[in-house]
Student: 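Right, I'll just put the structure down here and ask away after.
Whatever order the structure lists them in is the order used to number ligands and atoms, beginning at 1. Atoms considered below: every heavy atom in the structure, side chains included; atoms not considered: hydrogens, waters and symmetry mates.
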Amino acid sequence: MLKFSKDFQIGAAISAIQTEGAGLTKKGDTIFEMQYKKKKAEFFEGIGPNITSDFMRNYKTDLKMLSEIKLTSLRTSFSWARLYPDGKNLDNEAVKYYHNYLDECIKNNIIPHMCLFHFDMPAWASELGGWSSEVVIESFIKYADFIFSEYGAKVKYFTTFNEPLNPIVGGFLGDGFEPYVNDPRLAIQQAYGMILAHAKVVEIFREKNYHKDSKIGIVFDWNYTYPFSESENDKYSAKIFDAYINKGPLKILAQGVIDDFLVDSLKKYQMLPKYTKSEIEIIKKVKVDFLGINYYFPKRAAYVECNNPRFEMDNVTQKIPADAIMNVHRGWEIYPQALYDIGLALKNEFQNIPWYIGECGMGVQNEDLYRDKNGMINDDYRIDFLEKHLEQIKRVIDMGSNCFGFHVWAAIDCWSFRNAYKNRYGLIEVNLKNQERRFKKSAYWYKKLIENRS
Ligand code: BG6
């Protein structure tokens, strides 16, 4: 079995919006409740964000189960819409809940990794224009400041955003999320506002320095990009994709470095966002302490003709090789080698910044089919997936990359955006009829992996 060092964190991830549901305290609507009210049919089997895995009723027993399999750490998020249901006033019951939750983690020897924003834009904030609104950014900073001062003694690892571009691409360049527009200019302005919000939050974290041991980072989804073919067009497409979606934004968010290639590409189509010099100064000062990397599949960028490109990304598409190994349930290519490439890039191009895997996992439909006679889901496919990805992590650590942990998505089956409970990811199964929990086979394998550290 793979062997990691004793201090290597082996944990799991979930998020507030995907596990808490409406929960037990007041909560303002997010874009997902908005979407559900308008377009229920878009969610798999019509299941919305109202109950999810009912974590607020179950977190004590859930954390207990996670401690039984010796999980070192749990990555999840605070809910902005729960702490500030109307966007302005703090809800004391919610404040208490997160204290209780963190206390329970500590009691179970589970390190909490807490994110401020996991896709869950409050509805009021979305209506004001999301990250293009100064009011929204200022409210986010107030919320972040509260979190750092209130919970800093219990949380060592804070992150600002989870996969920050994902909801922007989904909401402003496609039809996945609210507000369902497809306009690169608006998308770029949103991305700029998000970057500014992140930079201002990091700045306030440093200035206030409430708890000296706490660290600040960001969780970024790096679908490592390769050119689909050796053609010059495909290579250029990969470079563009990298500049807009991967390394370009990651360099800004992690180290405040703005890539000239990206700026020049934006200028070609007069696509630079509105900005001020003083904002750019704040952005350039950013230096996070660590990175969380989410990885599920690689992106193979290919050139595509477009009659009327609005920006250079309109000439980029994704292709999957005919012989790729696939997770057919999700339609995602399985390519563990990318984790090695990511680890080396972080070592060589990001000054060997400390990093961990924030999410990696395999979503499978109809897991019932794999139930054994004792009722346990025998998810050998998940064990195989995790083992192959962890092998690459081990390999890149041996090459000197500064990786300090791995979080499987997910600790327990979670609700997902639009897909609801179609693809299950958990080490722990959730029975949606009665909210009963049960370990899958992978949980026991994971426990052995954790115990095997030395
Ligand atoms: C990541 C997200 O993109 O992928 C998670 O951070 C999400 O929130 C996970 O659940 C798996 O994707 P999906 O769409 O299958 O749930």
Student: Which of the numbered atoms in ligand 1 are below 4.0 angstrom from a heavy atom of Q18?
Tutor: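 Under 4.0 Å from Q18, ligand 1 has these atoms: 5 (C), 7 (C), 8 (O), 10 (O).
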
Student: Would D221 count as a contact residue for ligand 1, given that I'm defining contact as a non-hydrogen atom of the residue lying under 4.0 Å from a ligand atom?
Tutor: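 Not so, D221 does not reach ligand 1.
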
Student: With heavy atoms of F417 as the reference, note each atom of ligand 1 found under 4.0 Å away.
Tutor: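 Under 4.0 Å from F417, ligand 1 has these atoms: 8 (O).
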
Student: Under the 6.0 Å and 45° cation-pi test, does R330 pair with F297?
Tutor: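 No, a cation-pi geometry is absent between R330 and F297.
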
Student: Can you list the ligand 1 atoms lying under 4.0 Å from a non-hydrogen atom of S416?
Tutor: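 Result: 13 (P), 14 (O), 16 (O).
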
Student: Could you go step by step and tell me if K441 and D380 meet the salt bridge (Lys or Arg N to Asp or Glu O under 4.0 Å) rule?
Tutor: CA-CA 7 Å; K441 186 177 174 186; D380 293 301; 2.7 Å; yes

Student: Under a heavy-atom criterion of less than 4.0 Å, does W332 contact ligand 1?
Tutor: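 Yes, that is the case, since the closest heavy atom of the residue is under 4.0 Å from the ligand.
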
Student: Run T76 and Y101 through side chain to side chain contact (heavy atoms under 4.5 Å, CB included) and show every step you take.
Tutor: CA-CA 11 Å; T76 184; Y101 163 76; 3.0 Å; yes

Student: Take H389 and I357 through the test side chain to side chain contact (heavy atoms under 4.5 Å, CB included) and record every step on the way to the result.
Tutor: CA-CA 10 Å; H389 284 77; I357 287 293; over 6 Å; no

Student: Both conditions, 6.0 Å and 45 degrees, for the charged tip of K39 above the ring of Y180: are they met here?
Tutor: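 So K39 does make the cation-pi contact.
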
Student: Apply ring-ring contact (aromatic ring centres under 6.0 Å, His included) to F241 and list each qualifying residue two or more places apart in sequence or on a separate chain.
Tutor: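 By the ring-ring contact (aromatic ring centres under 6.0 Å, His included) rule, F241 matches no residue at all.
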
Student: Quick check on contacts: which atoms of ligand 1 are under 4.0 angstrom from a heavy atom of N162?
Tutor: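 Ligand 1 atoms under the 4.0 Å threshold to N162: 6 (O).
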
Student: Any atoms of ligand 1 less than 4.0 Å from a non-hydrogen atom of R330? List them with their elements.
Tutor: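 What qualifies from ligand 1 is 13 (P), 14 (O), 15 (O).
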
